[in-house]
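As a basis for the values below, the full set of heavy atoms in this structure was taken, side chains included, without hydrogen atoms, waters or symmetry mates.
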Amino acid sequence: LRHIMEQFGEVGRIYLAPEDNFAHQRRKKAGGSRKVRYTEGWVEFADRRLAKRVADTLNGSTIGGKKRHNFFRDDMWNMRYLPKFKWHMLKEGTIYNQQVRKA
């Protein structure tokens, strides 16, 4: 993902959320791939205007690439620029759920 996004400009942080363990186990049991799949992700660009432009450009377009050895070629990007988004917001939900389970 970093390689793809660096074509548009300088990339800061990237966070990818893996699928939950239940879905992963069910997929493996059904004979699917054992690789980790990600359900969603966030990319931070160094420039805010560049991030807006990339989100507008890629949203709704196919991921593309060569046909051979590219499983995600026909999938579509679903991108949105999030103003006032802070990175600590990513983990708030998981940290809260962990605290609730401990109690």
Visitor: Going only through I, L, V, M, F, W and Y residues with side-chain contacts under 4.5 Å, is there a path from F85 to Y15?
Guide: yes
Visitor: Taking C-beta and beyond as the side chain, do M5 and L58 meet within less than 4.5 Å on heavy atoms?
Guide: yes
Visitor: Only counting residues at least two apart or in another chain, list the ones meeting side-chain contact (heavy atoms from CB on, under 4.5 Å) with D47.
Guide: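 By the side-chain contact (heavy atoms from CB on, under 4.5 Å) rule, D47 matches R49, L50.
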Visitor: With heavy-atom distances below 4.5 Å as the criterion, would you say the side chains of I4 and W77 are in contact?
Guide: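 A side-chain contact exists here, since the closest heavy-atom pair is under 4.5 Å.
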Visitor: Which residues pass the salt bridge (charged side-chain N to carboxylate O under 4.0 Å, His left out) test with R53, not counting sequence neighbours?
Guide: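 Partners of R53 by the salt bridge (charged side-chain N to carboxylate O under 4.0 Å, His left out) criterion come out as none, since no residue qualifies.
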Visitor: Sorted by first residue and then second, give each side chain to side chain donor-acceptor pair (under 3.5 Å) pair with at least one member in residues 78-89; sequence neighbours left out.
Guide: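 Listed by first then second residue: E44-W87, H88-E92.
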Visitor: For Y38, check ring pair (Phe, Tyr, Trp, His ring centres under 6.0 Å) against everything at least two apart and list the hits.
Guide: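 Ring pair (Phe, Tyr, Trp, His ring centres under 6.0 Å) check on Y38 returns nothing, list empty.
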Visitor: Is there a chain of hydrophobic side chains (I, L, V, M, F, W, Y, each step under 4.5 Å between heavy atoms) that links L16 to F8?
Guide: yes
Visitor: Scan for salt bridge (Lys or Arg N to Asp or Glu O under 4.0 Å) pairs involving residues 21-30, sequence neighbours excluded, and state none if there are none.
Guide: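 Pairs touching residues 21-30 that pass the test: E19-R27.
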Visitor: Does Y96 sit in a hydrophobic cluster with other residues, and if so which ones, taking ILVMFWY side chains as linked at heavy-atom separations under 4.5 Å, directly or through other members?
Guide: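 Noted: Y96 shares its cluster with V100.
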Visitor: Enter the distance from M79:CE to D56:CG here, rounded to the nearest 0.5 Å.
Guide: 11.0 Å
Visitor: List for me each residue that meets salt bridge (charged side-chain N to carboxylate O under 4.0 Å, His left out) alongside E6, sequence neighbours excluded, and say none if there are none.
Guide: none
Visitor: Can you list the residues that meet the side-chain contact (heavy atoms from CB on, under 4.5 Å) rule with E10, with sequence neighbours excluded?
Guide: A46
Visitor: Looking only at heavy atoms, which two atoms of W42 and A17 are closest? And how far apart?
Guide: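 In this case the closest contact between W42 and A17 is CZ3-CB, 4.4 Å.
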